[in-house]
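Presented below is the structure to which this report refers.
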Amino acid sequence: MNDLIQGIIQAFEIILSLNSALYEIIWLSLAVSGIALLFSTVLGIPLGAAMAMARFPGRRLMTALLYTGMGFPPVVIGLFVYLMLSRSGPAGQLGWLFTPKAMIVAQTIISFPLVAGFTMAAVMGVDPQLRRQLMSLGATPWQATVTILLEAKIGVIVAIVAGFGAIISEVGAVMLVGGNIEGKTRVLTTAIVLETQKGNFDLAIALGLVLLFLSFLVNVALLRLQGRAFS
Amino acid sequence: MSPNPVYKLHNLTQTYDERTVLNIERLDIFAGEILAIVGPSGAGKSTLLRHLNFLERPASGSLRFEAFHLNGEGAPLNLRRKITTVFQNPVLLTRSVADNVAYGLKLRGKTGDQVKRIVDDALDLVGLNNLTHTGARTLSGGEAQRVALARALVIQPSVLLLDEPTANLDPYNVKLIENIITQVNREQGTTIVIVTHNIFQAKRLAHRTALLLEGRLVEIAETGAFFSNPSDPRTEAFIHGEMVY
Ligand SMILES: Nc1ncnc2c1ncn2[C@@H]1O[C@H](COP(=O)(O)OP(=O)(O)OP(=O)(O)O)[C@@H](O)[C@H]1O
Ligand SMILES: [Mg+2]
């Protein structure tokens, strides 16, 4: 118990000391997960919306695949990306393995099905008669689609929150494809694993607190967006 | 009433799961008229309105609106925007009443004070100016129906399709809505097709009345003649509430 209290006190000292290595780790975590989230949002929202609204052959199969993707073990995705990017792999020439690029690829693949799947569910929750109603008021198909997405806004934001939560806290895949290289690919989660193993509990706790605080901040920001849906 | 039809339907059919729910041999709708459509539940009245609003593809037959013949392409936007429907169960957006009424205007690129003025006037007209900023999803059935009417009126359609627009209303509001319908028709020359279960409403409002039965037009005539001197025995039975279906 004493250890824990001691650790927390020291953790705050570390956070407040403006240790530059710590801030590099924070920055890299945010950059990698932020860019991955951007990619998966740009791909996932249109796909989820299309799968909810359009009727096309193979839709059932795609839905099944998407739901599978939502629950896919991140470490398996890490392994897959590793094999793709390793020197002898099909994308080996890129030289991305053990760089932040590989981590972004892995995190995009992890969060994309979550964003698409939750978006699909949110859009399917909108009254199916709405499109007809909007078309009757003179909407173009595109205008109708945008309005329907806005009606599903709360759910779409949940989709983005879920996507972010999955990758900012993910450790297995980034460890595999990033390699946890100090000053290069070390992020909050991999640093926590390492420092805990080394017995540096104060630093591990500091990193953990920062991680919690960051995901709290991001979620508050996203929820503020959601709040406007009610007004 | 001008003699040129805005709509010309010919052998238009609609099928759902191989069941024919609409089969209109011939129907002309004239510019500036109020046409009432009556008929039992499930007769295909709402389905017919969806066709008139280009919201369905006919299984066969032809539909002409003004100079446009419906083909595989679907109707062009500028034509579609001349027609709007107040649905039997209107769907409102999760926004304020005012934003709902403004929706069609925003789609057409209108903004600012102009929109606000038009919306306020429309809400005055349907007696809902006290609810301007209320969330539309909290409205009662009758209020929602009037918002849907206001939302349709602001875009000044040349054809207004009304699917039982007073089904949820008290007598005072029925009268209010009926007055609006007559007024819009008279002052703006709007062509109106109104589906109603209320025979007296058809009598009060419509120039012509049609009976739809199992997807087919049984009779269409001047409203006076339709009720006082129907030519089909089924019309006679229907208006006296003696139809068995
Ligand atoms: N999307 C659909 N799929 C299958 N059947 C449908 C569909 N829409 C309508 N129908 C069927 O078509 C028939 C006509 O329906 P419609 O809604 O046009 O009737 P209506 O005359 O408007 O009835 P009501 O007075 O009860 O509103 C009904 O038997 C209905 O079950
Ligand atoms: Mg109906």
Side-chain angles (χ1 to χ4, degrees), chain A residues 45-46 48-57 59-60 115 118-162 222-231, chain B residues 46-47 49-56 74-96 98-110 133-138 144 147-163:
Chain A
I45 291 181
M51 288 188 51
M53 295 192 234
R55 298 278 166 276
F56 53 88
R59 185 167 164 273
R60 265 168 179 276
V115 176
F118 281 118
T119 299
M120 180 173 93
V123 172
M124 281 168 64
V126 176
D127 190 328
Q129 301 297 325
L130 181 61
R131 174 172 289 271
R132 192 173 268 160
Q133 176 78 73
L134 301 176
M135 297 299 280
S136 167
L137 289 167
T140 63
W142 174 248
Q143 286 173 323
T145 300
V146 171
T147 303
I148 291 168
L149 270 175
L150 286 173
E151 281 296 292
K153 189 173 163 187
I154 293 174
V156 172
I157 287 167
V158 170
I160 299 172
V161 167
L222 287 169
L223 283 169
R224 275 183 66 92
L225 270 177
Q226 201 177 56
R228 285 198 208 115
F230 294 104
S231 59
Chain B
S46 299
T47 307
L49 289 196
R50 287 200 296 278
H51 279 284
L52 298 177
N53 204 166
F54 298 115
L55 295 170
E56 300 269 7
L77 186 63
N78 64 331
L79 276 189
R80 279 210 292 116
R81 286 190 169 171
K82 291 182 166 188
I83 310 163
T84 193
T85 306
V86 176
F87 290 93
Q88 196 165 3
N89 302 301
V91 188
L92 300 180
L93 298 169
T94 321
R95 305 180 189 178
S96 71
D99 285 347
N100 269 278
V101 177
Y103 184 79
L105 297 171
K106 298 269 172 65
L107 289 179
R108 288 162 176 75
K110 297 206 167 66
H133 301 293
T134 309
R137 288 303 189 97
T138 63
V147 170
L149 180 64
R151 169 169 82 168
L153 291 175
V154 294
I155 58 185
Q156 300 196 299
S158 56
V159 176
L160 181 60
L161 307 170
L162 303 170
D163 202 343

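Each chain gets a letter, A, B and so on, in the order its sequence line appears, and its residues count up from 1.
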Review point. Looking only at heavy atoms, what is the nearest atom pair of Thr85(B) and Gln133(A), with distance?
Key: O-NE2, 4.0 Å
**Study point:** side chain to side chain contact (heavy atoms under 4.5 Å, CB included) partners of Thr134(B), counting only residues at least two apart
**Key:** Val97(B), Leu131(B), Thr138(B), Leu139(B)
Check your understanding: So what's closer than 4.5 Å to chain A heavy atoms on Arg151(B): side chain, backbone, both or neither?
Key -> both
Review point. Should the heavy atoms of other residues, nucleotides or ligands under 6.0 Å from CZ of Phe118(A) be counted, would the total exceed 12?
Key: no
Check your understanding: What are the two closest non-hydrogen atoms of Ser136(A) and Asn53(B), and how far apart are they?
Key -> OG-OD1, 2.8 Å
Review point. What pairs with Arg50(B) under salt bridge (charged side-chain N to carboxylate O under 4.0 Å, His left out), at least two apart in sequence or on another chain?
Key: Glu56(B)
Practice item. Would you name the heavy atoms of Leu137(A) and Leu107(B) that are closest together and state the gap between them? Key: O-CD1, 3.7 Å
Review point. For chain A, which residues of residues 98-106 of chain B have at least one non-hydrogen atom nearer than 4.5 Å to it?
Key: Tyr103(B), Gly104(B)
Review point. Phe87(B) versus Arg132(A): any side-chain heavy-atom pair under 4.5 Å?
Key: yes
Review point. Quick one: does Arg80(B)'s side chain have a donor or acceptor within less than 3.5 Å of a partner on Ala139(A)'s backbone?
Key: yes
Practice item. Can you sort out the partners of Asp127(A) under side chain to side chain contact (heavy atoms under 4.5 Å, CB included), two or more places apart, ordered by chain and number? Key: Gln129(A), Val91(B)
**Study point:** Max heavy-atom pair count under 4.5 Å with chain A, selected residue of Ile155(B), Ile83(B), Leu93(B), Leu55(B)
**Key:** Leu93(B)
Point to revise | chain A contact via Pro90(B) - which portion, at a heavy-atom distance below 4.5 Å | key: both
